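This is a predicted model, so every value here is computed, not measured.
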Amino acid sequence: MAADYDPRIVALYDRANPNGPDHDYYRALASRQNAQRILDLGCGTGMLTVSFTGSGRRVVGVDPSSSMLAYARQRPGAENATWIQGDATALAEGEFDFMVMTGNVAQHIIDPQWQLSLNALRKAAVKGAVLAFESRNPAVRAWEKWADEAPGSSETPYGVLTEWCQTELLDEHNVMLRSFNRFEATGELHVEETLLAFRSERQIRAQLAEAGFEVRAVYSDWKSTEFSADKPLMVFEAVAV
């Protein structure tokens, strides 16, 4: 994630990424695990993070973006969570029994930092802790569809905002996503460049194993349907061993 999002883009983030079935899945999983020490890595605006709080839980939201965290800290209920600017390497040892990376955060962590992050997560986990996250299946080549989409405009508190994107496949695993945001009232154009890693199920399984996690399930949706190679989404549940 970038560290310098325009505050207006941050304020509009929840509108584009609302509370939905993905959040329901992670909350239900936390309840099934009877999780008490929860990490939300790449927490963004903190919508899901805050919803984990309560019932004596300790909840920590970590994100490298100062503007995202500034927004998260102003959410109702934000005082019930701990907020850290940084990445997985900022975590203490044996701190958590449940850890999530949502909103395809895993794809924002590029190699070799990805393996280092998994190693750090294993260090921060107690034995038996669950790590859950989702990633897009590279075989479906979603980035090609994104680039074909026509610009879209919507009314916002800042006037009409027009959005579109461009994508570029850099190598076998990495895609450069360029997101364009134009505020029509002023003509301001904000361009964000995001490097995304598209890893296969097999690759992610191997990387988790190297870090000390055992994959217990891979799903293709938020209803726990077993993953198949033609599905666009991979939802991983792994256990610290």
Side-chain angles (χ1 to χ4, degrees), residues 1 17 19-33 35 37-49 51-52 59-65 68 84 86-91 95-126 128-138 140 142 173 175 194-227 231-241:
M1 289 185 176
N17 302 273
N19 190 32
D22 53 341
H23 288 189
D24 292 339
Y25 165 84
Y26 289 115
R27 283 190 291 260
L29 181 58
S31 295
R32 290 198 301 273
Q33 296 299 134
R37 294 173 288 167
I38 298 176
L39 168 68
D40 186 359
L41 182 63
C43 64
T45 61
M47 179 191 294
L48 177 62
T49 321
S51 74
F52 280 133
V59 179
V60 177
V62 178
D63 201 282
S65 169
M68 285 284 190
I84 299 174
D87 57 27
T89 62
L91 303 171
E95 220 180 336
F96 301 103
D97 57 20
F98 185 69
M99 306 179 294
V100 298
M101 293 181 284
T102 68
N104 294 293
V105 160
Q107 292 188 253
H108 291 253
I109 308 175
I110 307 303
D111 297 313
Q113 190 61 38
W114 170 241
Q115 189 65 60
L116 296 175
S117 296
L118 291 178
N119 295 345
L121 286 170
R122 178 60 189 91
K123 183 178 179 181
V126 298
V130 169
L131 169 63
F133 62 93
E134 81 276 5
S135 189
R136 299 179 184 90
N137 180 5
V140 178
H173 300 294
V175 171
T194 306
L195 186 58
L196 298 174
F198 282 78
R199 304 177 180 96
S200 68
E201 179 199 10
R202 181 178 178 181
Q203 184 179 6
I204 292 174
R205 280 181 176 273
Q207 291 167 323
L208 284 166
E210 182 179 338
F213 290 97
E214 181 179 284
V215 175
R216 73 178 185 187
V218 184
Y219 301 123
S220 64
D221 57 29
W222 305 114
K223 299 178 181 179
S224 301
T225 304
E226 186 177 356
F227 174 71
K231 299 300 184 182
L233 185 67
M234 302 178 291
V235 183
F236 287 84
E237 289 183 15
V239 179
V241 295

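- Put simply, CZ on R205 and CD on E210 are 16.0 Å apart, with the number rounded to the nearest 0.5 Å.
- Contact between A120 and A88 at its shortest, heavy atoms only, is CB-O, 3.6 Å.
- A donor-acceptor pair under 3.5 Å links the side-chain atoms of R122 to the main chain of A125, judged by distance alone.
- Put simply, the side chain of V130 reaches to within 4.5 Å of the side chain of R216, judged on heavy atoms.
- To the nearest 0.5 Å, atom CE of residue M234 and atom OG of residue S220 are 11.0 Å apart.
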Verdict with supporting geometry, L196 and H108, side chain to side chain contact (heavy atoms under 4.5 Å, CB included): CA-CA 5 Å; L196 298 174; H108 291 253; 3.7 Å; yes
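- When side chains are defined from C-beta on, L29 counts as touching E237, because their heavy atoms get closer than 4.5 Å.
- What you find for W222 and P21 is that their closest heavy atoms are CB-O, 3.8 Å.
- Distance check: L233 CG to T225 OG1 gives 10.5 Å after rounding to the nearest 0.5 Å.
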Do L121 and L39 pass the side chain to side chain contact (heavy atoms under 4.5 Å, CB included) test, and can you show the C-alpha distance, the side-chain angles, and the key distance before you say yes or no? CA-CA 10 Å; L121 286 170; L39 168 68; 3.5 Å; yes
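- Formation of a donor-acceptor pair under 3.5 Å by the E134 side chain with backbone atoms of N104 is found in this model.
- What you find for V140 and P232 is that their closest heavy atoms are CG2-CA, 3.7 Å.
- A side-chain contact (heavy atoms from CB on, under 4.5 Å) with F96 is found for one member of V126, V59, L91 and no other, namely L91.
- To the nearest 0.5 Å, the span separating NE2 on H23 from CZ on F52 amounts to 8.5 Å.
- In this structure, S117 and I109 approach most closely via the heavy-atom pair OG-CG2, 3.5 Å.
- Once rounded to the nearest 0.5 Å, the distance linking CD1 of I38 with CG of D97 reads 7.0 Å.
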In sequence, state the C-alpha distance, the side-chain angles, and the governing distance for L118 and L131, and then conclude on side chain to side chain contact (heavy atoms under 4.5 Å, CB included). CA-CA 10 Å; L118 291 178; L131 169 63; 4.2 Å; yes
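- Counting heavy atoms from C-beta outward, Q113 and D87 have side chains that approach closer than 4.5 Å.
- Shown here for D111 and W114, the closest heavy-atom pair between the two residues is OD1-CB, 3.4 Å.
- Remark: the backbone N or O of Q207 is paired with a side-chain donor or acceptor of Q115 at under 3.5 angstrom.
- Remark: of the listed residues Y25, Y219, F133, F133 is the sole one forming a ring-ring contact (aromatic ring centres under 6.0 Å, His included) with F236.
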What verdict does the side chain to side chain contact (heavy atoms under 4.5 Å, CB included) test give for R27 and N19, after you've listed the backbone C-alpha separation in whole Å, the side-chain angles of each residue and the deciding distance to 0.1 Å? CA-CA 11 Å; R27 283 190 291 260; N19 190 32; 3.0 Å; yes
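- Note that the CE atom of M101 and the OH atom of Y26 stand 8.5 Å from one another [nearest 0.5 Å].
- Between the side chain of D40 and the backbone N or O of G61, no donor-acceptor pair lies under 3.5 Å.
- For the pair A129 and F98, the tightest heavy-atom approach, listed with the atom from each and the gap, is CB-N, 4.5 Å.
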Trace of the side-chain hydrogen bond (donor to acceptor under 3.5 Å, both in side chains) decision for R199 with S135: CA-CA 8 Å; R199 304 177 180 96; S135 189; 5.6 Å; no
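- Contact of the C43 side chain with the D63 side chain is registered, since non-hydrogen atoms from C-beta on lie closer than 4.5 Å.
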